[in-house]
Trainee: 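Questions regarding the structure given below will be posed in turn.
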Amino acid sequence: MENDSKTILIPNELCRRAGIAASWRPINEISIFPYEKRSYKQKDGPSNFASDQPSSIFHVRHEVILFHPILRKLVNESNANFLALQEFVAEKPPDSKTEILKMSRQYRSIIRACLLNLQDDIAKTNITPKEKQELKDYITIFYSIECIWHLCEILFIDVIPGNIVLPPLLDWVRFHFPKPERNAATLLSGDTDNLDLEENYWPTVFGNFLQGRMNVVRALLQQHSAAQTAVFQLALNVLKNMPILNIVPVSEFSLRWRHWTAEIQIKLDAKQFMSNRNLDLIMRLIVGEESAWAEMHPHCETWYDFLAGWLFYTEPTVKTFELGRFADQSIDRMRVKHHLKHLDRVLLAFMKFDLFEVIKEIQEITDNGWLVSHLTDILFHSGRLAMLENEVQNFSSEDLRESFILDYGTTLMGHKSLWQVGLSYLDHCHKDGLPAIKLLLPRVAFDSEAKATNIISEAKNRGLNKVAQSISKILAMRSLSQGRLGNALTWASKSQDRLFISRIADKFLQEYVDTGEWRCIDMLDDFGSSMLASERLIFLGKFIELHKLYQAKEYKECGELYMSLLNSKLVPQYFWSVLFDEALTLAENEQLVFSSDQTEQIIYRLEEKQNIPELVSSKVYLLRLALARNLKRALMYEAQLY
Amino acid sequence: MFSDHGSTVESTTSFHNLNGIFVSQKVNKIRWKPETFGEPHFFLTGSWDDESNKIVLWDIVENAEEEDFYPFSVAEYPYCGDVTEMKFLNTEYFACSSSSGSANVMRVSLSEIGEPLIQNYTTWENLHYFKNGDPSPCTALAVHDNDMATVGEDGRINILRAQSKDIVRRIDNADSCSINCVIYLNHNEILTSNLRGQMKSWDLRSDTKQPKSSFMLSGDLVTPTQLTYHPSQRYIIIAGDELGALTSWDLRQNTYPVNVLNAHEGAISEIQFHPDHLDHLFSCSRGGEIWHWSTKTKNKYGLEHENINAWLAPDDIKAKLEVLNLMPTLKKPINTLDLSNNRVICGGDNEAIYLINGITF
């Protein structure tokens, strides 16, 4: 493994002098700040670097190219396709090949759309050279990705009739090397006389010849100034008779092909094409003459476009499993063995059906794991990855797939906006997905209730009630620190954490003890069923109801509610004093509220609680007096009744 | 107490002519720009939950033959905070609100060389803030002619006038909870809803800081996510909530809901009556659904329904409404929708906007 560490300079004078320290910020950032290392031997005191000047904190993050606006389209669009694929395979359809192929094509069209967008943007005039370079780099990356995916689709996802790989391979080369066709189109659409005077006439002929576009080759030859000469007519005629692979059965095709090449060989032996060097070369290529193919190297950009042309004429019925061997030969012929680039290695590994090598190589593409996760996923679902399990002991294709999806999902979770997309990848990691979500979701930052609500509902959708609860609690604490008691209680109630709700309800009661007023009277009106979540809240609700009954002059009900509160065991210690104050008010009420029986109960409670520090002795004295008077009134009233 | 009385709606599916494009930002609000003559072709999107947010003006090129459309952005305005609401005041000016606690009136105009522009006309900074001085998100905004009302997590109500930078009226402790929605009931009255599901109507002429009336969505702390009124019968109020239900009230009678419909999977993000086809309602949800509701004109016996608004039918509301699913369900929330004639636009958290053509009434 090469050393791929990178040095980042922190442009700050204080950091330079004092030194730095760092700490993680969720999920993709490191926070760097000036820091002086102190040992226990040093005297405890302000650092020499301390000053009242503002100092800076730096956030460093791993660059993720997928967060570029254009690539975000790819991220979101491929996410939709990824989810459709997961949904499809979850139903365990009996025949999935056609559908998976369709989805593979969909991925390719997403990559294509992304490339077109990048090309549109690079053509814009208002971009800086740096942005332009960036876009160019992205184009290079995604061209490679497109090329890799396409070959993978041919070899691993598509079903090739009879394993005859050449037709799709040729399509692949034609798609990724469109230059010959484009040049031919330009030549043919122009002035048709004397095409051969054009500098790129013969290179275009050979280019199309190598891609097996025989119609184009013939069309070009027909426009040659010497087209009417015998040698051209002969060549055109020979080429016209080239057998076409997909019309007839393979065995018959092979027979026809042998006849065709044998005839050409005879004509070559008779030196019939000698008068035109290029036509002679074409014929020698068709019969597979080594020296002729050696001349083709300059016409090929890479070993694989060479390979396709070479196989087209020399091994047209090559089978899929033979491809690796020919690929090696082609690399030898082109003498590029020691100059293989990353893309070359990936393609070669594909042709050798060495999926381990493929996966190892595509991880190194700097696309933040887009390709490796999506490609591994589709290979897994098409059953190609499971084959490796027979080759290597203890290898689990599912684990391999999951590790990439998990990484990719986690990367996206680190983005302020794309976290939901990240989540939907983690959802499809059966082993570690949910634990990862459990860790990551609470770390998604929010600065509005709207976003927090979104995070809570994502947590609830996944049955992560603890996460939902903890976010509600954070919102409650935040509300408290902003001085919003009412909102804090609402979030606490939504969190359904009994103890926590009680804590906030305590704050309400405490505030009433301190000020004798209710701050959030609007919300205290209507607790509804949420009141049942905590005993303290029930007490708060009932106590407010007591006030309302008193204000409504419903004294009898008021007295009964008072008694039930008094005997409820719900009264917080600090609140007894206030509760007895209420007794005083009610006992002194013009209309009799408490019966003799009730008064005795209150007196009993008072005696029981008289040692509570909040109950000052003067108040106890007053209470006793009031209660005694009330007892007298009650007894007299009751005596009249019976 | 209403859950047993709520009925659940099932939708039928019919995908209209549908086109979508990816726009690289999560869309929180989408609005057609009204035109004096002819059909609107400009629309605005406002993003949210991004490192830097934007308001973007789009124009639509239509290919009549292929019934295809392609919106392309013609102007952009970087916006501080999430765009929490956008409302056009007229064909040129629109109001918008931000999670940073401010609101703006902006203008869509043409430059000297005829290029569309978004310009800021007025900014109200720090409209919403907490007691400790932190900015509070402005969560919603309502407009009535040139009047505007903003509400926020700070429980504050501001009344503004588009032409003036001054705050016309401020109710500081209107609510001890976050206010999430606001609508105008008439020129002098607004209705707000808070985090607990409390709805309060406010008389703007009165000097008291107390609401005129107050009632609950339900007893279970369900938060309303969107309020709307019937375009011709303003006393009919419908609230969409975080559990996906639609609750309707007749404000003339009392403050108990007339009915509760369990509609969407996931929170309702926006509901809108069609401005021209009054018995048609459109709704979208965090569950990725977008629905078209219409009133059945005949009952199962083929008889015309009595002349009563279906939303006020106390029983069997389900039998009186038809629901069409306008789009395959997205795997991400749809946050917003807007209507113009037979076209619906919508956008959401999958960073895409969709145009649905050929809605039938």
Side-chain angles (χ1 to χ4, degrees), chain A residues 67-77 79-80 82-84 87 110 113 117 415-421 424 446-451 453-454 456-458 461 475 478-479 481-491 493-494 519-531 533, chain B residues 1 20-26 28 47-51 53 81-82 84 99-100 129-137 139 153-155 173-178 180 194-198 200 210-211 214-216 218-221 223 225 242 266-267 286-287 330-333 349-352:
Chain A
F67 299 162
H68 185 278
I70 295 179
L71 301 184
R72 268 170 81 161
K73 296 183 188 182
L74 169 104
V75 168
N76 278 291
E77 206 174 353
N79 177 241
F82 172 84
L83 293 176
E87 203 169 59
I110 295 167
N117 283 329
H415 186 263
K416 184 173 193 304
S417 198
L418 291 168
W419 58 276
Q420 284 149 303
V421 182
S424 64
F446 53 84
D447 42 23
S448 69
E449 286 184 356
K451 181 163 183 189
T453 311
N454 270 2
I456 290 173
S457 91
E458 296 288 1
N461 287 345
L475 285 162
R478 231 182 241 195
S479 303
S481 71
Q482 289 158 341
R484 296 191 298 153
L485 207 47
N487 213 51
L489 183 61
T490 307
W491 279 114
S493 302
K494 286 194 175 220
R519 182 134 58 101
C520 308
I521 196 71
D522 61 329
M523 62 173 291
L524 299 176
D525 278 351
D526 211 333
F527 277 123
S529 61
S530 65
M531 190 169 85
Chain B
M1 70 184 279
I21 62 155
F22 287 87
V23 297
S24 306
Q25 278 197 312
K26 296 206 271 201
N28 203 32
S47 75
W48 83 299
D49 196 18
D50 213 333
E51 275 155 10
N53 289 294
D82 300 341
T84 54
S99 67
S100 69
Y129 52 90
F130 297 118
K131 288 199 183 78
N132 62 357
D134 287 353
S136 145
T139 52
E153 285 185 15
D154 55 354
N173 287 311
D175 209 307
S176 43
C177 290
S178 304
N180 292 331
N194 73 6
L195 185 66
R196 313 173 58 79
Q198 266 179 323
K200 296 178 186 174
Q210 297 303 317
S214 134
F215 51 99
M216 289 296 280
S218 83
D220 306 316
L221 289 187
T223 312
T225 47
E242 59 174 339
R286 274 195 47 86
L330 295 182
K331 303 288 191 301
K332 303 279 179 302
D349 283 352
N350 69 337
E351 304 191 351

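In what follows, chains are A, B, ... by sequence order, proteins preceding strands, each numbered from 1. Predicted model only: the values in this text are computed from it and were never measured.
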Trainee: Output yes when a side-chain donor or acceptor of B:Ser214 lies under 3.5 Å from a complementary backbone atom of B:Lys200, and no otherwise.
Mentor: no

Trainee: Could you tell me which portion of B:Gln210 (side chain, backbone, both or neither) has an atom closer than 4.5 angstrom to a non-hydrogen atom of chain A?
Mentor: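 For B:Gln210, no heavy atom lies under 4.5 Å from chain A.
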
Trainee: May I ask you to say whether B:Asp50 pairs ionically with A:Arg72, meaning some side-chain N is under 4.0 Å from a carboxylate O?
Mentor: yes

Trainee: Which atoms of B:Pro211 are under 4.5 Å from chain A, going by heavy atoms: the side chain, the backbone, both sets, or neither?
Mentor: neither

Trainee: Under the 3.5 angstrom rule, does the side chain of A:Asn79 hit a backbone N or O of A:Val75 as a donor-acceptor pair?
Mentor: no

Trainee: Measure B:Lys332 against the heavy atoms of chain A and call it side chain, backbone, both or neither at under 4.5 Å.
Mentor: side chain

Trainee: Counting only non-hydrogen atoms closer than 4.5 Å, does B:Ser136 touch chain A with its backbone (N, CA, C, O), its side chain (CB onward), both, or neither?
Mentor: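 Looking at B:Ser136, nothing touches chain A.
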
Trainee: Quick one: what part of A:Ser448 sits under 4.5 Å from any heavy atom of chain B, side chain, backbone, both or neither?
Mentor: both

Trainee: Is A:Asn454 close to A:Trp419 at the side-chain level, that is, under 4.5 Å between some pair of heavy atoms?
Mentor: yes

Trainee: Considering only heavy atoms, which portion of A:His68 lies under 4.5 Å from any heavy atom of chain B: side chain, backbone, both, or neither?
Mentor: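 Neither part, no heavy atoms under 4.5 Å.
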
Trainee: In Å, rounded to the nearest 0.5 Å, how long is the span from CG of B:Asn28 to OG1 of B:Thr84?
Mentor: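 Reported value, rounded in 0.5 Å steps: 7.5 Å.
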
Trainee: With side chain to side chain donor-acceptor pair (under 3.5 Å) as the test, would you mind laying out the steps for B:Asn53 and B:Ser47 before giving the verdict?
Mentor: CA-CA 5 Å; B:Asn53 289 294; B:Ser47 75; 2.8 Å; yes

Trainee: Who among B:Lys131, B:Glu51, B:Glu153 has the most heavy-atom pairs with chain A under 4.5 Å?
Mentor: B:Glu153

Trainee: Looking at B:Ser178, B:Gly266, B:Ala267, which one has more heavy-atom pairs under 4.5 Å with chain A than the rest?
Mentor: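 The answer is B:Ser178.
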
Trainee: With rounding to the nearest 0.5 angstrom, report the CG to OG distance, B:Asp134 to A:Ser481.
Mentor: 7.5 Å

Trainee: Looking at B:Asp49, B:Asn132, B:Leu330, which makes the most heavy-atom pairs under 4.5 Å with chain A?
Mentor: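 Top option by heavy-atom pairs under 4.5 Å: B:Asp49.
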
Trainee: At a 4.5 Å cut-off on heavy atoms, which part of B:Asp82 comes close to chain A: side chain, backbone, both, or neither?
Mentor: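 Interface part for B:Asp82: side chain.
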
Trainee: Contact part of A:Thr490 toward chain B, heavy-atom cut-off under 4.5 Å: side chain, backbone, both or neither?
Mentor: both

Trainee: Flag the one option from A:Ser417, A:Ala80, A:Ser479, A:Gly486 with the top tally of heavy-atom pairs under 4.5 Å to chain B.
Mentor: A:Ser417

Trainee: Counting heavy-atom pairs under 4.5 Å to chain B, which of A:Lys73, A:Gln482, A:Lys494 comes out on top?
Mentor: A:Gln482

Trainee: Check the pair B:Arg286 / A:Ser457 against side chain to side chain contact (heavy atoms under 4.5 Å, CB included), numbers first and verdict last.
Mentor: CA-CA 9 Å; B:Arg286 274 195 47 86; A:Ser457 91; 3.1 Å; yes

Trainee: Apply side chain to side chain contact (heavy atoms under 4.5 Å, CB included) to A:Trp491 and A:Ile456, showing your working.
Mentor: CA-CA 12 Å; A:Trp491 279 114; A:Ile456 290 173; 3.8 Å; yes

